[in-house]
Amino acid sequence: MNLMFNILLNVTIAFLLGSLLFGLQRKVMARIQMRPGPPIIQHLLHTLKFYIKESSFPKTAAMPFYIAIASILCVIWVSAVIVGPVTQGSLLLIFAIYALHKIVEHNAGSSSGSPYGKLSCVRAVFSAAAEVPLFAVLIIIYLKTGTMILSDITAYQTQNGALLFTIPLAALMFFVLILSKAPYSPFAITKGKDIISGYETEHFGLLRGYLMISESIAWYMLLWIFLTVFLGPLSLLGYLVGMVVISVIVAFINATTPLLNPNHSIMVQVTLAFIGIVGSIILLML
């Protein structure tokens with residue numbers, strides 16, 4: 001298959017499926033809270049809507065950086081699709097992409113000049129203190145499989161069984177990382193209701209469309225990585241079912257838990273990371 005066609009196909013699937021999974025989350029949350037909720041395609045419609053709306057730019061924005069940063073965020077997650085589903089590359093590159101995402105998330109807030117965006121970018125740096133320890137899961141995976149290459153990790157699981165059952169605490173760490181990136185998550189401090197839409201508050205029209213595309217692709221990629229790394233080679237149906245199940249679980253958690261304040265959010269995630277790291281090392285030594 002032509003490489004460019006493969007990239008375009010996977011990026012399109014990531015965007016569409018990620019958008020529908022976001023819509024599914026909102027629907028499940030609404031039903032749990034005894035509301036009808038929006039249709040499942042609502043997030044997709046919102047994304048497309050911004051491309052026909054007028055773009056506006058705040059006077060306080062740092063131009064042209066303010067415009068470029070939204071595009072960069074989209075490019076970052078397209079790169080993740082190339083490293084992941086397309087080439088089955090290295091988990092270290094996925095970690096690097098996620099680290100760049102945190103940097104861009106910070107700059108998206110600071111470049112607008114909005115007080116809500118500035119507070120969000122501070123929280124983005126603050127949240128990295130918890131999310132980076134959660135990525136210590138990479139070390140645990142390497143200690144267990146002896147490789148960081150996604151294709152080799154799936155091959156290892158074909159012979160030795162799913163990592164979900166041999167290093168479950170590492171899987172829990174990565175699940176918490178996924179949960180922290182979900183809308184309405186108890187850990188979603190960068191876009192809490194107290195700061196409107198966080199770093200996205202001052203982005204309108206085309207720029208907001210870019211941001212929403214990157215969010216959908218990012219959600220798809222985090223789910224894809226979890227399923228690939230901890231459950232091994234799956235069929236297309238297996239990936240779809242797995243992503244739906246995880247999204248429903250996340251929606252249930254989000255619907256029944258309050259948004260934590262930044263201090264509590266970081267402490268909970270760091271505590272879970274510590275338990276996951278120490279517990280996984282002990283299990284590896286047994």
Side-chain angles (χ1 to χ4, degrees), residues 1-25 41 43-44 46-48 50-51 68-105 108 131 135 137-138 141 147-155 157 174-175 177-183 200 206-247 250:
M1 183 182 293
N2 181 273
L3 178 60
M4 184 57 67
F5 175 78
N6 197 11
I7 292 172
L8 291 174
L9 177 62
N10 278 277
V11 169
T12 302
I13 291 173
F15 163 60
L16 293 176
L17 190 53
S19 298
L20 293 176
L21 290 171
F22 273 152
L24 176 64
Q25 280 187 57
I41 62 171
H43 191 274
L44 177 61
H46 275 322
T47 303
L48 299 177
F50 280 111
Y51 284 91
I69 201 70
S71 303
I72 292 172
L73 189 60
C74 201
V75 169
I76 285 173
W77 285 107
V78 169
S79 300
V81 174
I82 297 173
V83 175
V86 176
T87 64
Q88 296 277 317
S90 173
L91 270 177
L92 285 177
L93 287 177
I94 297 292
F95 173 74
I97 288 169
Y98 189 85
L100 284 175
H101 164 79
K102 297 302 297 182
I103 295 172
V104 173
E105 189 178 74
E131 293 172 12
F135 253 112
V137 68
L138 298 180
I141 293 169
T147 181
M148 285 287 193
I149 306 301
L150 286 165
S151 57
D152 293 340
I153 292 172
T154 54
Q157 292 179 95
F174 200 90
F175 176 78
L177 183 67
I178 292 174
L179 180 61
S180 71
K181 305 313 296 179
E200 296 181 348
L206 189 65
L207 297 182
R208 176 60 74 88
Y210 284 149
L211 293 177
M212 293 188 73
I213 285 178
S214 64
E215 288 176 349
S216 297
I217 296 176
W219 182 250
Y220 171 89
M221 279 305 305
L222 289 173
L223 298 182
W224 184 90
I225 293 167
F226 180 89
L227 294 171
T228 301
V229 169
F230 293 106
L231 289 176
L234 296 172
S235 64
L236 292 177
L237 180 61
Y239 275 111
L240 180 60
V241 171
M243 290 180 180
V244 169
V245 169
I246 295 174
S247 294
V250 168

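Heavy-atom basis, side chains included; hydrogens, waters and symmetry copies ignored. All values derive from a computational prediction rather than experimental measurement.
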Nearest 0.5 Å please: distance from the [atom1] atom of [X] over to the [atom2] atom of [Y].
{"X": "Thr12", "Y": "Ile7", "atom1": "OG1", "atom2": "CD1", "result": "11.5 Å"}
{"X": "Leu222", "Y": "Met243", "atom1": "CG", "atom2": "CE", "result": "10.0 Å"}
{"X": "Ser235", "Y": "Leu240", "atom1": "OG", "atom2": "CG", "result": "9.5 Å"}
{"X": "Met221", "Y": "Ser79", "atom1": "CE", "atom2": "OG", "result": "10.5 Å"}
{"X": "Leu20", "Y": "His43", "atom1": "CG", "atom2": "NE2", "result": "10.5 Å"}

Which heavy atom in [X] sits nearest to a heavy atom in [Y], and how many Å separate them?
{"X": "Ala14", "Y": "Tyr220", "answer": "CB-CD2, 3.4 Å"}
{"X": "Ala182", "Y": "Gln25", "answer": "CB-OE1, 3.9 Å"}
{"X": "Ala80", "Y": "Ile94", "answer": "O-CD1, 4.1 Å"}
{"X": "Gln157", "Y": "Phe230", "answer": "OE1-C, 3.2 Å"}
{"X": "Thr147", "Y": "Ile149", "answer": "OG1-N, 3.1 Å"}
{"X": "Leu223", "Y": "Ser247", "answer": "CD1-OG, 3.7 Å"}

Taking the side chain as every heavy atom from C-beta outward, state whether [X] and [Y] have any atom pair closer than 4.5 Å.
{"X": "Val137", "Y": "Val229", "value": "no"}
{"X": "Ile213", "Y": "Tyr51", "value": "yes"}
{"X": "Phe226", "Y": "Ile246", "value": "yes"}
{"X": "Ile141", "Y": "Met148", "value": "no"}
{"X": "Phe22", "Y": "Glu215", "value": "yes"}
{"X": "Trp219", "Y": "Val250", "value": "yes"}
{"X": "Phe174", "Y": "Ile178", "value": "yes"}

Self-check item: Verdict with reasoning, Leu44 to Phe15, per side chain to side chain contact (heavy atoms under 4.5 Å, CB included)
Solution: CA-CA 9 Å; Leu44 177 61; Phe15 163 60; 3.6 Å; yes
Exercise. Using the side chain to side chain contact (heavy atoms under 4.5 Å, CB included) rule, take Leu234 and Trp224 through it: C-alpha gap first, then chi angles, then the decisive distance, then the call.
Key: CA-CA 10 Å; Leu234 296 172; Trp224 184 90; over 6 Å; no
What side-chain donor-acceptor pairs closer than 3.5 Å can you find for residues 82-91, not counting sequence neighbours?
from, atom 1, to, atom 2, distance (Å)
Thr87, OG1, Ile82, O, 2.7
Thr87, OG1, Val83, O, 3.2
Ser90, OG, Leu92, N, 3.0

Practice problem: Classify the side-chain pair Asn6/Asn10 by whether it contains a donor and acceptor separated by less than 3.5 Å. | Solution: yes
Exercise. Taking side chain to side chain donor-acceptor pair (under 3.5 Å) as the test, write out the residues that go with Thr228, two or more places apart.
Key: Tyr239
